[in-house]
Amino acid sequence: MATTIVLLRRRDLRLHDNPALYYAAKKGEVLPVFVLDDTTTDQQSSAQNWWLYRSLEQFTTNFKAIGGELIIRRGDTRTIILELIKQTSAQAVFWNRCYEPTVYIKDQQLAKQLDQMGMVMQTFESQLLLSPWKTKKADGMPYKVFTSFYKNLQKQEIHRPLPALSSISMARVDVLSLPMAELDLLPTSNWTKKLERHWDVREQAALDKLQQFTERSLIHYKDERDYPAVARHSALSPYLATGLLSARTVYYHVLECDIYGEAFLRQLAWREFSWHVLFHFPESLHQPLNEKFSSFRWDNDKTLLDLWKKGKTGYPLVDAGMRELWETGFMHNRVRMLAASFLTKHLLIHWEKGADWFFDTLVDADLANNTMGWQWAAGTGADAAPYFRVFNPVLQGKKFDEEGEYVKRWVPELKLLPAKYIHEPHKAPENVLRAAHITIGKDYPAPIVDHKAARTRALGRYDEVKKK
DNA sequence: AGAAAATTTTT
DNA sequence: AAAATTTTC
């Protein structure tokens with residue numbers, strides 16, 4: 001009799017380079033079960049829940065084509081897995097590892113219990129290029145500095161991606177599977193309708209995008225990735241975040257495409273670094289990695305936070321970014337850094353509030369990248385931008401969106417304003433504003449804080465903790 | 001992976 | 001006087 005293997009699925013809804021799926025299919029008859037575990041969710045992401053719903057839909061179809069059928073369940077992972085083992089007399093459990101701190105801990109407890117029961121249990125790396133413990137400093141400690149982490153990573157052997165699975169033999173058992181609607185992944189509001197227009201949530205779309213990115217943009221990536229109006233970014237992050245695309249597949253595809261892709265692979269390495277740091281310092285989810293900042297005095301003004309969320313700060317590049325996020329579930333990385341710097345430094349709002357908003361609205365919501373990114377921007381991280389680096393939203397605009405193309409795309413009320421004034425509309429002469437059909441304070445807000453004053457104030461707050 | 005101010009160099 | 005470079009926060 002063939003071995004029955006329970007295959008626990010989470011954010012790995014793909015057929016290519018999927019080790020747990022690949023080896024389970026090779027070794028026995030498989031019972032693949034997708035578990036939505038409400039008990040271990042660190043943070044909820046509305047945008048990503050929508051993405052996950054679509055991922056499940058497409059995977060179910062792809063999986064059927066190779067003879068598979070996905071069981072869908074919701075609840076406590078351990079309870080569900082143990083119940084399935086009992087029902088099916090399965091002898092083995094396989095899964096691809098997840099590294100969200102609470103998920104990882106619960107997975108380990110499950111692993112221990114399965115081991116005690118005498119079950120065959122195997123876990124695999126599928127999310128990262130290298131598991132978080134594979135990179136260590138000479139003294140055995142985890143890294144806190146990106147560049148040295150990156151050097152280590154470059155020296156290591158990274159697994160080649162596995163081929164896409166082409167057939168699977170299912171365990172012939174009859175177990176309960178929920179209809180997808182019962183996962184409550186789609187929000188009650190119709191906000192996500194907008195997202196449908198911008199994203200193609202299919203495994204094949206991810207692979208096609210990767211191909212297109214390397215063909216069209218990779219060669220320009222190093223020089224042009226910082227210009228949000230020029231779409232040179234890969235836009236692969238949501239596919240990576242939910243596991244529709246394998247990082248190893250991306251890595252080897254870029255390495256083997258005859259274009260020098262170091263600048264891009266470096267960004268992929270930041271993702272590795274984020275998960276490395278989160279894995280070894282899980283408290284960084286809520287605590288500043290640089291302890292000095294635990295006593296930092298934040299203002300946390302609710303009104304200002306709301307204006308920031310709505311993209312009504314009076315700084316066009318910040319507002320454009322916040323509106324791109326609301327419309328598409330995505331924001332260009334250069335603008336993410338600016339918006340984050342603005343919230344934490346100009347508005348003195350705790351980075352966690354910003355992180356929560358980003359996480360909820362980003363289709364690429366990634367717990368480690370998001371947390372690391374916000375701590376970096378706030379200057380509270382270990383390898384962060386020094387706190388005194390305060391982005392000037394006007395200068396950032398002039399530098400990275402000189403013609404205001406990006407601003408005009410997302411802040412249409414400024415469409416008629418000449419490029420000269422696009423990053424500081426309130427400074428445009430009366431007649432220019434009139435010609436552009438803009439009344440400051442009515443059609444577009446005046447800056448909610450003065451840059452110079454806010455900068456000085458932020459540096460003052462920094463001085464308070466610096467002394468300690 | 002900043003910005004502003006101070007200083008030096010070039011017109 | 002303006003531009004380029006260095007220093008400081």
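Letters go in sequence order (proteins before strands), and every chain restarts at 1.
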Asks: For A:E402, which residues count as a side chain to side chain contact (heavy atoms under 4.5 Å, CB included) partner, sequence neighbours excluded?
Replies: none
Asks: Is the phosphate of B:dA4, meaning OP1 or OP2, less than 4.0 Å from a side-chain N or O of A:N392?
Replies: yes
Asks: What's A:R336 touching, base or sugar-phosphate or nothing? Going by heavy atoms closer than 4.0 Å.
Replies: nothing
Asks: Step through it carefully: locate the ring centre of A:W357, locate the ring centre of A:W326, and say whether they are under 6.0 Å apart.
Replies: yes
Asks: Taking side-chain hydrogen bond (donor to acceptor under 3.5 Å, both in side chains) as the test, write out the residues that go with A:T214, two or more places apart.
Replies: A:H253
Asks: Can you tell me which residue pairs pass the salt bridge (charged side-chain N to carboxylate O under 4.0 Å, His left out) test with a partner in residues 222-235 of chain A, sequence neighbours excluded?
Replies: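 Applying salt bridge (charged side-chain N to carboxylate O under 4.0 Å, His left out) to every pair that reaches into residues 222-235 of chain A, excluding sequence neighbours, yields A:E224-A:R232, A:D226-A:R334.
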Asks: With respect to the phosphate group of B:dA4, does any side-chain polar atom (N or O) of A:H451 fall under 4.0 Å of OP1 or OP2?
Replies: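 It does, given that an N or O in the side chain of A:H451 lies less than 4.0 Å from OP1 or OP2 of B:dA4.
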Asks: Nearest-Å distance, NZ (A:K398) to C1' (B:dA4)?
Replies: 14 Å
Asks: Holding to side-chain hydrogen bond (donor to acceptor under 3.5 Å, both in side chains), I want the full list of residues that pass it with A:Q109, two or more places apart in sequence or in another chain.
Replies: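 In terms of side-chain hydrogen bond (donor to acceptor under 3.5 Å, both in side chains), with neighbours along the sequence ignored, A:Q109 is linked to no residue.
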Asks: Where each pair must be Watson-Crick or G-U wobble with both distances under 3.5 Å, what dot-bracket representation of DNA chain B is obtained, with crossing pairs in [ ] and other-strand partners as |?
Replies: .|||||||||.
Asks: Counting C-beta onward and ignoring hydrogens, is there a side-chain heavy-atom pair between A:P425 and A:I440 closer than 4.5 Å?
Replies: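 Result yes, sub-4.5 Å side-chain heavy-atom pair found.
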Asks: State which residues pass side-chain hydrogen bond (donor to acceptor under 3.5 Å, both in side chains) with A:K302; sequence neighbours excluded, sorted by chain then number.
Replies: A:D306
Asks: Looking at residues at least two apart in the chain, or sitting in another chain, which of them share a side-chain hydrogen bond (donor to acceptor under 3.5 Å, both in side chains) with A:K353?
Replies: none
Asks: Between P on B:dA3 and CG on A:D450, what's the gap in Å once rounded to a whole number?
Replies: 16 Å
Asks: Send over the distance from A:R457 CZ to B:dA3 C1', rounded to a whole Å.
Replies: 18 Å
Asks: For nucleotides 2-9 of chain C, read 5' to 3', which letter fits each nucleotide if B means a protein heavy atom sits under 4.0 Å from the base, S means only the sugar-phosphate is that close, and - means neither?
Replies: -------B
Asks: Please list all pairs meeting ring pair (Phe, Tyr, Trp, His ring centres under 6.0 Å) that have one or both residues in residues 414-450 of chain A, counting only residues at least two apart or in different chains.
Replies: none
Asks: Over how many whole Å does the gap from A:H423 atom NE2 to B:dA3 atom P extend?
Replies: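 Checked: the NE2 to P distance equals 13 Å.
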Asks: Using whole Å, report how far OH of A:Y387 lies from C1' of B:dA4.
Replies: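 Atom OH in A:Y387 sits about 17 Å away from atom C1' in B:dA4.
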